[in-house]
Amino acid sequence: MGGGGSSLRVCTDHRGGINWLSLSPDGQRLLTRSEDGTARLWSTADGRCCALLQGHESYVTFCQLEEEAAFTCSADCTIRRWDVLTGQCLQVYRGHTSIVNRILVANNQLFSGSYDRTARVWTVDDGQASRELRGHRNCVLTLAHSSPWEVPGTPHLEEAMAGGLLVTGSTDGTAKVWQVASGCCHQTLRGHTGAVLCLVLDAPGRTAFTGSTDATIRAWDILSGGQLRVFREHQGSVICLELVDRLLYSGSADRTAKCWLAHEGEHVCTFPAHRHSVSTLKYHAGTLFTGSGDACARAFDVQSGALQRVFRGHSFVINCLQVHGQVLYTVSHDGTLRLWDIRGLRAPPPTPRRPAAKRSLSRLFSNKVACRTHLQAA
């Protein structure tokens with residue numbers, strides 16, 4: 001079942017469950033957010049806390065770390081921007097009327113989704129909401145942004161796309177595509193029969209992938225709103241997604257992670273061995289790392305599907321993980337941040353197999369469908 005992973009450090013500074021972990025673009029800092037109402041900045045060089053971000057009046061729901069600023073949102077209905085060097089609050093964004101559960105920073109704009117059924121677009125520097133996106137019938141759970149495209153021969157559409165597109169997923173069972181420049185709803189993506197829990201974008205391919213409590217993943221053309229394909233192998237809610245080149249990885253309440261050919265919809269490989277829901281996953285250098293409700297993180301070889309290592313030490317669900325260098329970072333509802341040594345993870349040599357109805361990952365890699373390292377901020 002794979003060898004055990006050794007813990008390099010256990011950080012116990014938070015006084016409540018830690019629900020998210022963000023890695024800075026340069027890999028030098030980590031940001032954790034907690035139910036204790038604070039966020040903390042950590043150095044990846046030594047794993048020590050370098051700043052405590054205090055000011056929210058309720059638990060912190062999500063965070064994103066940029067080079068010079070940290071962003072947090074909270075059940076107190078606000079979003080805050082922080083200086084990463086001093087830990088001082090630089091800006092408070094007010095306007096939502098319920099829990100803000102997701103934020104995203106892109107192109108000097110801040111996007112947010114809330115239980116008040118709206119998404120909002122903010123100007124980062126002045127803290128003002130430039131757009132309020134209304135249309136969902138229930139809370140907005142997840143966000144993704146696509147930069148502007150050139151749409152030759154369609155000047156009106158190109159003008160509408162000038163600010164890019166924002167895709168939102170909701171517990172109302174739909175995803176919506178919004179024109180950021182105008183605030184207009186460009187398309188509503190209908191087809192799921194349950195809440196949309198997660199989504200990722202293939203911006204060059206103009207495709208959105210959504211995961212739902214209906215146990216399916218669906219691919220959509222975000223310009224036309226058309227449903228392209230349905231991925232049906234999971235037997236429980238699809239909780240998390242990650243897109244790496246042409247491969248889509250998913251984690252589910254059915255206790256498995258799966259790999260798919262993103263643009264064909266073909267199921268390639270299943271990663272079992274979890275004893276509870278797969279709550280988070282991350283691809284890194286030929287390895288798929290997963291975090292589970294069974295309080296363990298796991299490392300799988302993506303070519304063979306083999307379990308390489310199990311990381312034990314947390315006492316509750318692992319909510320998020322990140323990888324930097326030779327260290328795996330995990331956070332849990334037990335209130336700890338743990339650092340794990342991942343040296344020695346190597347892909348085993350391919351094992352000859354008989355022809356099968358479904359292509360193996362080894363076959364895909366031999367056909368030069370290569371995976372690259374892809375680290376995503378949430």
Side-chain angles (χ1 to χ4, degrees), residues 1-14 16-23 30 32-35 42 44 47 197-198 211 215 233-242 244 249-259 269-348 361 375-376 378:
M1 288 184 61
S6 57
S7 181
L8 298 173
R9 188 178 181 88
V10 181
C11 308
T12 59
D13 302 55
H14 279 295
I18 307 174
N19 295 322
W20 197 255
L21 173 66
S22 180
L23 180 69
L30 292 163
T32 54
R33 55 93 168 177
S34 172
E35 292 183 351
W42 311 80
T44 56
L197 300 181
C198 51
E233 296 282 342
H234 278 300
Q235 302 302 310
S237 298
V238 180
I239 298 170
C240 48
L241 293 171
E242 181 162 22
V244 185
Y249 296 94
S250 57
S252 170
D254 67 8
R255 305 183 182 186
T256 71
K258 292 182 183 291
C259 178
C269 184
T270 295
F271 305 93
H274 309 91
R275 297 190 300 275
H276 206 283
S277 301
V278 178
S279 47
T280 182
L281 50 76
K282 179 68 64 177
Y283 170 88
H284 178 77
T287 301
L288 182 68
F289 294 92
T290 61
S292 173
D294 63 17
C296 293
R298 292 173 173 81
F300 296 89
D301 171 54
V302 297
Q303 291 193 35
S304 67
L307 175 62
Q308 293 185 299
R309 198 169 295 176
V310 181
F311 304 88
R312 296 183 176 90
H314 285 294
S315 57
F316 289 102
V317 57
I318 295 175
N319 291 314
C320 190
L321 54 83
Q322 293 285 355
V323 184
H324 176 66
Q326 297 298 312
V327 180
L328 169 68
Y329 302 87
T330 59
V331 294
S332 167
H333 202 68
D334 64 15
T336 67
L337 163 67
R338 290 179 181 258
L339 286 62
W340 311 87
D341 185 356
I342 60 171
R343 290 175 296 179
L345 288 176
R346 295 289 186 271
L361 275 173
L375 295 177
Q376 179 178 330

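By convention here, the first residue in the shown sequence is residue 1.
- For the pair C296/R275, a side-chain contact is recorded, criterion being any heavy-atom separation below 4.5 Å from C-beta on.
- Residues S252 and V278 form no side-chain contact, since every pair of their non-hydrogen atoms from C-beta on lies 4.5 Å or further apart.
- Taking the six-membered ring where tryptophan is involved, the planes of F316 and H333 are perpendicular, since the angle between them exceeds 60° and thus also 30°.
- Pairing each heavy atom of L345 with each of T287, the nearest pair is CD1-CG2, 4.3 Å.
- Heavy-atom minimum distance, A297 versus T330: CB-CG2, 4.1 Å.
- Legend: residues meeting ring pair (Phe, Tyr, Trp, His ring centres under 6.0 Å) with H274, ordered by chain and number and at least two apart, are F300.
- Closest approach of C198 to V238, counting heavy atoms only: SG-O, 3.6 Å.
- T270 pairs with exactly one of K258, E233, H234 by the side-chain hydrogen bond (donor to acceptor under 3.5 Å, both in side chains) rule, that one being K258.
- Atom CZ of R338 and atom CZ of R312 lie 13.0 Å apart (nearest 0.5 Å).
- Residue N319 comes nearest to T280 through the heavy atom pair O-CB, 3.7 Å, listed as atom of the first residue, atom of the second, then distance.
- Residues passing the salt bridge (charged side-chain N to carboxylate O under 4.0 Å, His left out) test with D254: none are found, sequence neighbours excluded.
- Of all the heavy atoms in I239 and S277, the pair that sits closest is CD1-CB, 3.8 Å.
- Using a 4.5 Å cut-off on side-chain heavy atoms (C-beta onward), V302 and Y249 make contact.
- The side-chain heavy atoms of S292 and R298, taken from C-beta on, include a pair separated by under 4.5 Å.
- Looking only at side-chain heavy atoms (C-beta outward), L30 and Y329 come within less than 4.5 Å of each other.
- Contact check for C320 versus I18: no side-chain heavy atoms found under the 4.5 Å cut-off.
- Residues V327 and T44 form no side-chain contact, since every pair of their non-hydrogen atoms from C-beta on lies 4.5 Å or further apart.
- Atom CZ of R33 sits about 10.5 Å away from atom NE2 of H14, to the nearest 0.5 Å.
- A distance of 11.0 Å separates SG of C259 from CD of Q303, quoted to the nearest 0.5 Å.
- W42 pairs by the ring pair (Phe, Tyr, Trp, His ring centres under 6.0 Å) definition with nothing, not counting sequence neighbours.
- Once rounded to the nearest 0.5 Å, the distance linking CZ of F271 with CG of D301 reads 8.0 Å.
- Heavy-atom minimum distance, E242 versus Y283: OE1-N, 2.9 Å.
- F289 contributes atom CZ, which lies 11.5 Å from atom CD of Q322 (distance to the nearest 0.5 angstrom).
- Listed by chain and number, the residues in a salt bridge (charged side-chain N to carboxylate O under 4.0 Å, His left out) with D13 are R40 (sequence neighbours excluded).
- With rounding to the nearest 0.5 Å, the separation of CZ in F311 from CD1 in I318 is 9.5 Å.
- In this structure T336 satisfies the side chain to side chain donor-acceptor pair (under 3.5 Å) test together with H314, D334, sequence neighbours excluded.
- The side chain to side chain donor-acceptor pair (under 3.5 Å) search around S34 returns D36, not counting sequence neighbours.
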